[in-house]
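Each chain gets a letter, A, B and so on, in the order the sequences are listed, and its residues count up from 1. Nothing here was measured: the structure is a model prediction, and the numbers come from that model.
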Protein chains: 2
Amino acid sequence: MTSSTHRITHQREIILQRLQSVTSHPTADELYVMIKQHLPRISIATVYRNLEWLVDHGYAQKIEVGGRQKRFDGTTRPHYHIRCLGCGRVDDVALPLFENLHSPVENHTGYVVTKHHIEFTGYCPQCKQSRQKS
Amino acid sequence: MTSSTHRITHQREIILQRLQSVTSHPTADELYVMIKQHLPRISIATVYRNLEWLVDHGYAQKIEVGGRQKRFDGTTRPHYHIRCLGCGRVDDVALPLFENLHSPVENHTGYVVTKHHIEFTGYCPQCKQSRQKS
DNA sequence: ATAAGTGCAAACGATTTGCGACCGC
DNA sequence: GCGGTCGCAAATCGTTTGCACTTAT
């Protein structure tokens, strides 16, 4: 933990700070436009590389849900998500974690289980009204 | 349900049949190679188009899990999955469904919830031994 | 000096699309 | 003949990579 040279670079700091400033779960390119306002010359490659780095070093998490793009979350505490099938937005779901599922699953699958994730899908408050029996 | 012209074409039939012939959860290109043995001139575009069609018409499901490629499932009964972080394979998890989660989630998120999915991740029997404290 | 990090542009892998040919009614 | 479907190739989208240049120590 206490080695290496540059560790938290300026770019990394801004990226994490922008990620933590929102409660949404932005995609890399959504973050890219947010970050550009603070670092106009940053490249999308740096955003991807540093998001990966932040995840690997326990500063953020990548949430692997459906939809084409990956999304990122500035908190590392595990929690569940709900994704809108209309607009793609992702919100947190405040449900207690089901920790106790892992061992029964290990028993019948033979896997070692490291994590689980629950993704709900549906329509967000905005999208649900703009589709009253279209 | 009873309209249109061609409905189940030969290609669609073979694709669904191949998909249903396996208990794994193949990606589009894994299916493509399986299907080519029966329809050597089929194109990958047809596979994608028809998988989409089969899903939309209730013959199959797309399982939106992590990893880069989408996977398909020849059964439409909802169930949970576990994905191996080593080799990427996906297996079924025989856990009863948590149907009762939807209304509490609707209440606190304001979404209309249509589905949910649980994805476990870990290491499959094969991969877990080939990584004894590497 | 040197190892890590950056920006840019090109490469990549998965999926989608435009289009002319084709098939079954 | 007509609408739906097909195969092919090209296009697109999200993400990753190679490389030459910069930066902090």
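Atom C1' of nucleotide C:dT6 and atom OH of A:Tyr48 are separated by 17 Å, given to the nearest angstrom. Taking atom CD of B:Gln11 as the reference point, atom P of D:dC6 lies 4 Å away to the nearest angstrom. For the pair B:Ile42 CD1 and D:dC8 C1', the interatomic distance rounds to 13 Å; values are reported in whole Å. Taking atom CD of B:Glu52 as the reference point, atom C1' of C:dT17 lies 13 Å away to the nearest angstrom. Put simply, NZ on A:Lys36 is 11 Å from C1' on C:dC8, counting in whole angstrom units. Across the protein-nucleic acid pair, B:Leu39 atom CG and D:dT5 atom P stand 16 Å apart, rounded to whole Å. Straight-line distance from the CD atom of A:Gln69 to the P atom of D:dT16: 12 Å, rounded to whole Å. Protein atom CD1 of B:Ile44 is 8 Å distant from nucleotide atom P of C:dT15, rounded to whole Å.
The residue among A:Thr46 and B:Phe72 whose nearest nucleotide of DNA chain C is located toward the 5' end is A:Thr46.
In terms of hydrophobic clustering, with Ile, Leu, Val, Met, Phe, Trp and Tyr side chains grouped at heavy-atom distances under 4.5 Å, B:Trp53 and B:Met34 are assigned to a common cluster.
Distance from the side chain of A:Arg68 is smallest for D:dG14 among the nucleotides C:dG7, C:dT6, D:dG14.
Within the nucleic acid shown, A:Arg49 comes within 4.0 Å of at least one base atom, counting heavy atoms only. Contacts of A:Asp29 with the nucleic acid, taken as non-hydrogen atoms under 4.0 Å apart, are absent.
Proximity of a side-chain donor or acceptor of A:His81 to a complementary backbone N or O of A:Val65 within less than 3.5 Å is not detected. Judged purely by atom type and a 3.5 angstrom limit, A:Lys128 uses its side chain to pair as donor or acceptor with the backbone of B:Gly110.
Between B:His102 and B:His116, the angle of the ring planes goes over 60°, which puts this pair in the perpendicular group of the 30/60° scheme.
The side chain of B:Thr9 places an N or O atom within less than 4.0 Å of a non-bridging phosphate oxygen (OP1 or OP2) of D:dC6.
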